[in-house]
Amino acid sequence: MSDDISLVALSGLGPDRATEIRALIRDVPGYPHDPIVFRDITPLLADGAALRDVVEAFARLCEGDDGHAIDIVAGMEARGFLLGAPLATRLGVGFVPLRKAGKLPPPVERVDYDLEYGSAAIELRTGTLPQGARVLLVDDVLATGGTAAAAAELVERCDGKVVATAFLLELDGLGGRERLSGRVVETLLRVDERASS
Ligand SMILES: O=P(O)(O)OC[C@H]1O[C@H](OP(=O)(O)OP(=O)(O)O)[C@H](O)[C@@H]1O
Ligand SMILES: Nc1ncnc2[nH]cnc12
């Protein structure tokens, strides 16, 4: 891990374990283009103990008297599926995939958005969520917050209530937390994006 990246461990991971897990996220400068530093979680996903610890850390957000009471987990395509589905299994609740445009049969709701390195649209099939379902939104990275803000809007258009948003890695300095102002934002790890550019 480079020395110029600050690390914050939340949700009971503990600083040593958080540092090990952070080291399993590969930094790729210039991908998909300059000045982006891409944070690649595939080494972490390939490490069974790290994947288990991350899912457990997410699960702790929803347990105990102070935990978020949720009915269902929703994940943003594609990396949100990889963390959200095992979390839902661990919590014993269902999982809703928020899919990139054109993947789901109609009828769907659609929200267009911008993210750190492009633009996209996500969709959710109308009627998938039970009326008033308490939803936890899960994704790997919070950067500008464009994806998460769109996901929250989509869930709410489909009659869900976004109780909290949860991310493995927050890229501090790109405005994501501000973009989600007024919402509960939980992050397991945080790096200072300004320090790595
Ligand atoms: O906070 P933002 O600026 O919106 O960026 C964060 C989003 O970008 C990545 O997804 P991407 O759209 O690259 O899709 P993928 O998971 O299919 O790779 C990441 O998994 C988040 O969903
Ligand atoms: N820098 C980044 N690395 C990985 N995923 C991202 N999504 C948005 N920005 C990202």
Side-chain angles (χ1 to χ4, degrees), residues 1-2 4-8 10 21-47 50-51 54-55 57-58 73-88 95-104 108 110-124 135-156 162 164-197:
M1 190 176 74
S2 64
D4 59 353
I5 292 179
S6 69
L7 173 71
V8 177
L10 301 179
I21 288 174
R22 166 67 184 95
L24 290 168
I25 301 172
R26 194 168 62 107
D27 297 336
V28 187
Y31 181 84
H33 55 74
D34 281 333
I36 306 291
V37 180
F38 190 80
R39 314 294 179 162
D40 176 16
I41 67 164
T42 54
L44 188 162
L45 294 171
D47 183 310
L51 180 58
V54 164
V55 171
F58 276 129
V73 174
M76 294 77 123
E77 184 169 354
R79 287 173 258 155
F81 297 176
L82 303 172
L83 300 175
L87 174 62
F95 177 76
V96 170
L98 306 178
R99 299 224 56 183
K100 295 265 169 69
K103 301 286 187 182
L104 290 171
V108 294
R110 169 188 172 124
V111 177
D112 296 274
Y113 61 95
D114 293 321
L115 69 157
E116 191 188 7
Y117 39 64
S119 59
I122 46 172
E123 296 179 341
L124 174 56
V135 176
L136 176 70
L137 279 182
V138 174
D139 209 346
D140 65 333
V141 171
L142 173 64
T144 65
T147 305
E153 182 183 341
L154 184 60
V155 163
E156 287 168 354
V162 177
T165 62
F167 305 87
L168 169 61
L169 180 65
E170 175 178 358
L171 305 183
D172 199 12
L174 295 181
R177 195 168 276 274
E178 295 75 14
R179 183 76 182 270
L180 297 176
S181 151
R183 298 192 181 278
V184 177
V185 179
E186 308 272 20
T187 58
L188 302 185
L189 301 170
R190 189 160 69 231
V191 297
D192 187 343
E193 192 64 15
R194 290 157 295 207
S196 63
S197 58

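Counting begins at 1 with the first residue of the sequence. Whatever order the structure lists ligands and atoms in, that order sets their numbers, starting from 1.
With ligand atoms numbered from 1 in the order given, ligand 1 contributes 1 (O), 4 (O) to contacts under 4.0 Å with heavy atoms of G146. For ligand 2, the atoms closer than 4.0 angstrom to any heavy atom of L171 are 1 (N), 2 (C). Those atoms of ligand 1 with a heavy atom of E77 less than 4.0 angstrom away are 14 (O), 16 (O), 17 (O). With ligand atoms numbered from 1 in the order given, ligand 2 contributes 8 (C), 9 (N) to contacts under 4.0 Å with heavy atoms of A143. Near R79, the atoms of ligand 2 lying under 4.0 angstrom from a non-hydrogen atom of the residue are 4 (C), 5 (N).
At the shortest separation from atom 15 (P) of ligand 1 among protein heavy atoms lies A78 N, 3.6 Å. Here the heavy atom of the protein found nearest to atom 20 (O) of ligand 1 is D140 OD1, 2.6 Å. Nearest non-hydrogen protein atom to atom 7 (C) of ligand 1 is T147 OG1, 3.4 Å.
Proximity of L115 to ligand 1, defined as any heavy-atom pair under 4.0 Å, is shared by backbone and side chain alike. For V37, every heavy-atom contact with ligand 2 shorter than 4.0 Å involves the backbone, none the side chain. With a 4.0 Å cut-off on non-hydrogen atoms, K100 touches ligand 1 through its side chain and not its backbone. Contacts between T144 and ligand 1, counted as non-hydrogen atom pairs separated by less than 4.0 Å, involve both the backbone and the side chain. Contact annotation: for Y117 versus ligand 1, heavy atoms closer than 4.0 Å belong to the side chain alone.
Closest heavy-atom approach to atom 10 (O) of ligand 1 among the candidates M76, R79, R39, E170: R79. For atom 6 (C) of ligand 1, the choice among V141, D139, L168, L174 with the nearest heavy atom turns out to be V141. In this structure, of R39, E116, E193, R26, the residue bringing a heavy atom nearest to atom 9 (N) of ligand 2 is E116.
The N/O atoms of D140, backbone and side chain alike, include none that comes under 3.5 Å of an N/O atom in ligand 2. The shortest N or O to N or O distance between A143 and ligand 1 is below 3.5 Å.
For D40, the side chain to side chain donor-acceptor pair (under 3.5 Å) test picks out R26, T42, with sequence neighbours left out.
Taking the six-membered ring where tryptophan is involved, the planes of F38 and Y117 are tilted, since the angle between them lies from 30° to 60°.
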- [ ] Under the side-chain contact (heavy atoms from CB on, under 4.5 Å) rule, what do D139 and L137 come out as? Steps first, then yes or no, please.
- [x] CA-CA 7 Å; D139 209 346; L137 279 182; over 6 Å; no

